[in-house]
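So the structure is just underneath, and the comments pick up after that.
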Amino acid sequence: MSVTPWEVEGEINYDKLIEEFGTRPLDSHLFYRLKDPMPPPVKRGMCFSHRDLDKWLDAYDNGEKVTVLSGRGPSEKMHIGHLTLYAIPKYFQDVYKCTVYIPVSDDEKFYVKENLEIEDVEMFANDNILDILAMGFDPNKTIVHKDFEHTKIYKYAAQVAKKITYSTAKAVFGLKAENNIGWVFYPAMQATHILYPQFIEGQHLTLVPIGIDQDPFIRATRDIAEKFGFQKPATIHKKLAPGLEGPKMSSSGKNAIWLSDDEDTVANKVNKYAFSGGQPSIKEHREKGGNPDIDVSFLYLKYFFEEDDNKLEQIARDYRDGSLLSGELKEYFIEKVNNYLKEHRRRREIVAKNIDKYMLRD
RNA sequence: GGGGUCGUGGCCUAGUCCGGAAGGGCAGCGGGCUCCAGACUCGCCGAUCGUGCGUUCAAAUCGCACCGACCCCA
């Protein structure tokens, strides 16, 4: 197993990651402090680890200012795996009524992705922003900014850059000799994004929901936060979303279900590619039953699309005892996804009309 | 500015020294088997060999120039 911000390899052992990264498990004690209603990724165990989430909740309980931040590197269109992340900041905004910051690192993706032209990055950035906001973020409590557009952030980035040595960047961010020098500055930008709520609102606790593979950035940012008189950002770690073709694969994959896919495409992809936990034949399936824990359709229902706990349990039960076939499960899953995407596109259009309410520009 | 390495299907790579029909792996696609998917199995597509010129009967292979990526030094 190897988990870095740049690459995820092998079968992932989350307990081991907690140990390796030095984070804290999101145990039941802390879990029960979280307010209802929780969306599937939060209530069904996709969030498994954290740093200082307890402090963030304390601060909230004490009536102190708290914010939430989840960024996005716009290197491609967005697929359903991405939704599981942004459901988390949305939850905190809905339930804890806090401001959510969404920094979009168009510059980073431009530096790092060999074949991405500046126009591509800008196109993906604008496209991704609409998809994220379409999840229902509150225009009055959501701040989106792009590095190519909100360039005033540079003043802060410079201050952060001065506090990060080359050795640190090299060690934490995996810089290699052949990387262009954009890579060298990017860690400063990333840290600035994470500290940005404090730069503009004053010191307070910011919670940063991220995939566990991105944790090294948080660690590095925590190391320098106090040099600015800021609080170390808290974080809540999400497991990696399963790929369509197998739960072990990382989320960035071919054959993902894009948020822009139409109904037929979705049905096709699921039927044709989605890894199942079913048995090789109906007869065997009826006898032995299926395994929902490795079934991608089920996992996506569990982690995102099925809000109803009873319904999910019933599906799991029926699948395990063999009365529900993989094809039937897929049929239900397809319907859920398509219903979601239909609604998503409707919200996206509304967001597009009001985009100025969200964007922080110079 | 000086010196050097490299450029082969979408990706990785063999072949380059010692010229002679461009091979493999992954991915992709189709069929079979399956309630689907995966495993498995059968099969298929796909390469201006960075570009140009030259040497030669013959150039991915040799020479020169250019383009591009990268490394070391300044």
Side-chain angles (χ1 to χ4, degrees), chain A residues 2 4 6-12 75-77 79-81 108-121 124 166-167 169-170 173-186 240-258 261-306 312 314-339:
Chain A
S2 158
T4 68
W6 323 108
E7 205 176 32
V8 176
E9 265 184 315
E11 202 151 351
I12 298 150
S75 59
E76 58 175 3
K77 291 186 292 180
H79 55 69
I80 59 171
E108 179 229 347
K109 290 305 171 192
F110 176 64
Y111 291 138
V112 168
K113 297 281 175 179
E114 206 66 42
N115 298 320
L116 267 195
E117 299 299 331
I118 208 103
E119 295 80 14
D120 301 328
V121 186
F124 285 133
Y166 181 67
S167 302
K170 198 174 167 183
F173 302 91
L175 298 182
K176 296 192 186 105
E178 65 267 28
N179 294 141
N180 65 61
I181 61 172
W183 287 61
V184 180
F185 189 72
Y186 169 63
L240 295 151
L244 242 204
E245 298 181 59
K248 288 172 266 185
M249 303 297 296
S250 76
S251 60
S252 64
K254 66 272 176 220
N255 284 326
I257 294 174
W258 305 106
D261 282 343
D262 63 37
E263 298 194 359
D264 289 347
T265 306
V266 170
N268 230 313
K269 282 184 178 173
V270 172
N271 282 322
K272 201 164 177 191
Y273 299 115
F275 185 81
S276 94
Q279 299 295 342
S281 69
I282 287 192
K283 187 166 178 288
E284 249 183 283
H285 191 86
R286 296 289 188 214
E287 284 167 11
K288 298 181 189 170
N291 180 1
D293 299 327
I294 59 167
D295 191 291
V296 173
S297 303
F298 180 82
L299 288 174
Y300 268 100
L301 287 171
K302 174 181 171 183
Y303 287 135
F304 194 80
F305 291 100
E306 184 55 73
L312 187 77
Q314 183 212 319
I315 291 172
R317 210 182 313 122
D318 292 350
Y319 202 47
R320 282 208 173 84
D321 74 21
S323 55
L324 182 69
L325 298 176
S326 300
E328 294 163 344
L329 172 60
K330 284 188 173 184
E331 204 177 319
Y332 181 72
F333 175 56
I334 289 164
E335 190 191 322
K336 281 295 225 187
V337 174
N338 277 330
N339 285 342

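Keep in mind that this is a model prediction, so the values were computed, not measured. Here is how names work: the chains are called A, B, and so on, in the same order as the sequence lines, proteins then strands, and each is numbered from 1.
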Could you check how far [atom1] of [X] sits from [atom2] of [N], rounded to whole Å?
X	N	atom1	atom2	answer
Lys269(A)	A37(B)	NZ	P	16 Å
Glu328(A)	C35(B)	CD	C1'	7 Å
Ile282(A)	A37(B)	CD1	P	13 Å
Asn291(A)	C36(B)	CG	C1'	15 Å
Ile334(A)	A37(B)	CD1	P	12 Å
Leu325(A)	G38(B)	CG	P	18 Å
Tyr300(A)	A37(B)	OH	C1'	15 Å
Leu329(A)	C36(B)	CG	P	14 Å

Quiz prompt | Aromatic plane relationship, Phe333(A) with Phe305(A) - under 30° parallel, 30 to 60° tilted, over 60° perpendicular | solution =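 Answer is perpendicular, since the angle exceeds 60°.
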Quiz item: Is the distance from OP1 or OP2 of G38(B) to the nearest side-chain N or O of Lys330(A) less than 4.0 Å?
Solution: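 Indeed not, no polar side-chain atom of Lys330(A) lies that close.
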Quiz item: Is Tyr273(A) near enough to C29(B) that one of its side-chain N or O atoms lies under 4.0 angstrom from OP1 or OP2?
Solution: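 Result: yes.
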Exercise. State which of G38(B), C36(B), C35(B) makes the closest approach to the side chain of Phe275(A).
Key: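 Shortest atom-to-atom distance from the side chain points to G38(B).
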Quiz item: The side chain of Lys272(A) lies closest to which of these nucleotides: G30(B), C35(B), G38(B)?
Solution: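 Output: G30(B).
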For the [atom1] atoms, the ones on [N] and on [M], what distance do you get once it is rounded to whole angstrom?
N	M	atom1	answer
A65(B)	G2(B)	P	13 Å
C71(B)	G19(B)	C1'	30 Å
C36(B)	G46(B)	P	31 Å
C12(B)	A27(B)	P	15 Å
C44(B)	G7(B)	C1'	29 Å
A21(B)	A39(B)	P	37 Å
C70(B)	G32(B)	C1'	47 Å
G9(B)	G23(B)	P	14 Å

Practice problem: Tell me the stems RNA chain B sits in, counting at least three consecutive Watson-Crick or G-U wobble pairs, each under 3.5 Å on both distances. | Solution: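 So far as stems of 3 or more pairs are concerned, RNA chain B shows B:1-7 with B:67-73, B:10-13 with B:23-26, B:28-32 with B:40-44, B:50-54 with B:62-66.
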Quiz item: When we call it a touch if two heavy atoms are under 4.0 Å apart, what does Gln279(A) touch: a base, just sugar-phosphate, or nothing?
Solution: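 Base contact.
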On a heavy-atom basis, which atom in [X] and which in [Y] lie closest, and how many Å separate them?
X	Y	result
Glu328(A)	Ser323(A)	OE1-O, 3.8 Å
Ser326(A)	His285(A)	OG-CE1, 4.2 Å
Pro242(A)	Tyr300(A)	O-OH, 2.6 Å
Phe110(A)	Ile118(A)	CE1-N, 3.7 Å
Val184(A)	Tyr166(A)	CG1-CD1, 4.0 Å

Exercise. Keeping the roles fixed (side chain from Gln279(A), backbone from Gly289(A)), state whether a donor-acceptor pair exists under 3.5 Å.
Key: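 Confirmed, Gln279(A) side chain pairs with Gly289(A) backbone.
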Self-check item: A65(B) glycosidic torsion: syn (within 90° of 0) vs anti
Solution: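 Here the answer is anti: the torsion falls beyond 90° from 0.
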Quiz prompt | Candidates Asp295(A), Ile294(A), Leu244(A) - the one meeting side chain to side chain contact (heavy atoms under 4.5 Å, CB included) with Phe275(A) | solution =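 The side chain to side chain contact (heavy atoms under 4.5 Å, CB included) with Phe275(A) is passed solely by Ile294(A) among Asp295(A), Ile294(A), Leu244(A).
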Quiz item: Can you list the steps and then say if Val112(A) with Tyr186(A) is a side-chain contact (heavy atoms from CB on, under 4.5 Å)?
Solution: CA-CA 9 Å; Val112(A) 168; Tyr186(A) 169 63; 5.6 Å; no
Exercise. Hey, could you give me each pair passing salt bridge (charged side-chain N to carboxylate O under 4.0 Å, His left out) that has a residue in residues 266-291 of chain A? Not counting sequence neighbours.
Key: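 Counting only pairs at least two positions apart or across chains, the salt bridge (charged side-chain N to carboxylate O under 4.0 Å, His left out) contacts touching residues 266-291 of chain A are Asp261(A)-Lys269(A), Lys283(A)-Glu287(A), Glu284(A)-Lys288(A).
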Quiz prompt | Criterion salt bridge (charged side-chain N to carboxylate O under 4.0 Å, His left out) on Lys302(A) and Asp293(A), from CA distance to verdict | solution = CA-CA 10 Å; Lys302(A) 174 181 171 183; Asp293(A) 299 327; 5.2 Å; no
Enumerate the protein-to-nucleotides 39-44 of chain B contacts in which both atoms are nitrogen or oxygen and the separation is below 3.5 Å.
none

